[in-house]
2 protein chains.
Amino acid sequence: MSKRETSYAMIERAPFFQAAGAAAMAELLRPSFTQLLPKGTVLFEQGEDPEFLHLLLEGSVGLQAKGEGGGTTVVEIFGAGEVFLTPAVILRLPYLASAVALTEIRVLMIPAEHFRDNLQRSFELSRACNELLSRHWRLMVDQVVDLKLNSVEVRVGRFLARRISEEAGAGCASLPEPRSAIAARLGMTPETLSRTLAALESSGRLRRTPGGPTVSDRSALLGRPDAPRGRQRAACPR
Amino acid sequence: MSKRETSYAMIERAPFFQAAGAAAMAELLRPSFTQLLPKGTVLFEQGEDPEFLHLLLEGSVGLQAKGEGGGTTVVEIFGAGEVFLTPAVILRLPYLASAVALTEIRVLMIPAEHFRDNLQRSFELSRACNELLSRHWRLMVDQVVDLKLNSVEVRVGRFLARRISEEAGAGCASLPEPRSAIAARLGMTPETLSRTLAALESSGRLRRTPGGPTVSDRSALLGRPDAPRGRQRAACPR
DNA sequence: CCGTCTCATTGACCTGGATCAAGACGTACC
DNA sequence: GGTACGTCTTGATCCAGGTCAATGAGACGG
């Protein structure tokens, strides 16, 4: 109860609820509850049927997918304020990926069935979902483009730059999640990430403070790194 | 007029309209029209504001994105029956990618503003959109996983297998779109695609008929190719 | 029937990033 | 304090797939 109270400000500040409106929010919140979970907790496993819709209040979680070939990647890393896995909840289809807490987290858990009911009932909520899903689709498109035509160095730079701009305070971000998760999200190995970070640092585009977790600086990370790179100019048929 | 008539069966068979219901469909169709366009036509350019929502009736179109680094890829290839670029239309945001006709196409053009109006009015339509967007998000997740942890050979195999299962007739598909577009969609160069196709053929997993465009056979394409491959097992923290 | 143009294929080579294998820190627990 | 474990970093090597370059094969137009 008191826990719910302390989270309340965060909950109502979440963009998704802003869009959904106060009424829908209140109704969604009624049977929901928050949980404080340690790093490493698995919120749900790939292949399971969704029982909850999650709104992350604090910390970050990774969407981890197993390919048929046995490997594992991180499809996306969600931060505080994000609602995730709406698609599986909406379609009543098993999750395409597992969700793992990459740091200690606080999540709001909204029962999936209740969410679906409200989605049938509240036009407002339905519209908010349209927007949420649209934004999420675009994020994935962006990632695909990034993977297909940027080098490791550029991808790392973009990732850091985004983190920095998200952080409230200026020109500085921390990477609380394990390196292996970040590397996987960026489609590379932890070794390569480490080396790339080192390279960015020694070329002066990044400064790391040893105190807390890795911290970075300035957004000159996006400056033309070296060579343009990239074939794969596609189809300009006719 | 007659053109619209001949397309009608296709339109109403489209999964999106099935979900949206007859009333919403009729209303959406009122100010819409179809166009027959030659291969190579650009439906819209990355960065433009959406004026139409498109439903592809025949042929295929590629979503082509320019990365900041000058390169170009194909994010996705849509086939007959697909509605695309809802996100940009819904969010009233500029397109993230251009759309190019990879073959001759027939498209239904639904004015964007009219679509948005209906989305505000019809709950049914809004729900259909949620489903559509959810499915599209999952497609992108699948592609990201594919890119991150499957080898070129596996990606080509999966692509062909999907094409084959989509094709009505059994165990056989044609690839009418230019090689360069397919290669870009799969995140590789045309050369590599060509080589991989050749390798699949000589290992007996694929048969190509020289007559029409490339044609393939049987779905043993998904069998374990060679070695498992893939690091990037992510974060199993704590 | 013959240039020409574009696109697919093939060949030879090279390189970015993966892999394999030690070290270097912390951090936690005894 | 010590030692043991997990994560991060660094170094050396290898190879999948990209790059560059040449050749083949339809599709037109004259």
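Proteins get letters first, then strands, A, B, ... in listed order; numbering begins at 1 in each.
Side-chain N/O atoms of B:Thr192 include one lying less than 4.0 angstrom from OP1 or OP2 on D:dG18. Side-chain N/O atoms of A:Arg208 include one lying less than 4.0 angstrom from OP1 or OP2 on D:dT9. In terms of phosphate contacts, A:Arg195 brings no side-chain nitrogen or oxygen within less than 4.0 Å of OP1 or OP2 of D:dT10.
Between the C1' atom of D:dA16 and the CE atom of A:Met188 lies a distance of 17 Å, rounded to the nearest Å. Distance, B:Glu191 CD to D:dG24 C1': 15 Å, rounded to whole Å. One can place CG of A:Asn150 at 15 Å from P of C:dG16, the figure rounded to the nearest angstrom. Atom CZ in B:Arg179 sits about 14 Å away from atom C1' in C:dT10, given to the nearest Å. Rounded to whole Å, the distance from CG on B:Leu197 to P on D:dG17 is 15 Å. Distance B:Leu193 CG to C:dC7 P: 15 Å, rounded to the nearest Å. Look at CG on B:Leu147: it is 12 Å from P on D:dG17, rounded to the nearest Å. The nearest whole Å value for the distance from the CG atom in A:Leu175 to the C1' atom in D:dT7 is 15 Å.
Picking from C:dT9, C:dG17, D:dG17 the nucleotide with the shortest atom distance to the side chain of B:Ser194 gives C:dT9.
Taking B:Glu166 as the reference, nothing meets the side-chain hydrogen bond (donor to acceptor under 3.5 Å, both in side chains) condition, with sequence neighbours excluded. With sequence neighbours excluded, no residue satisfies side-chain hydrogen bond (donor to acceptor under 3.5 Å, both in side chains) with B:Ser134. Qualifying ring-ring contact (aromatic ring centres under 6.0 Å, His included) partners for B:Phe78, counting only residues two or more places apart in sequence or in other chains: B:Phe84, B:His136. With sequence neighbours excluded, no residue forms a side-chain hydrogen bond (donor to acceptor under 3.5 Å, both in side chains) with B:Ser98. With sequence neighbours left out, A:Phe44 forms a ring-ring contact (aromatic ring centres under 6.0 Å, His included) with A:His54, A:Tyr95.
A salt bridge is defined here as a Lys NZ or Arg NE, NH1 or NH2 lying under 4.0 Å from an Asp or Glu carboxylate O, and B:Arg162 with B:Asp142 fails to meet this definition. Under 4.0 Å is where a charged nitrogen must lie from a carboxylate oxygen, and between B:Lys148 and A:Glu76 no such pair does.
Overall, the helix from C:dC1-D:dG30 to C:dA22-D:dT9 carries an axis bend of 40° between its ends, with five pairs at each end and the value rounded to 10°.
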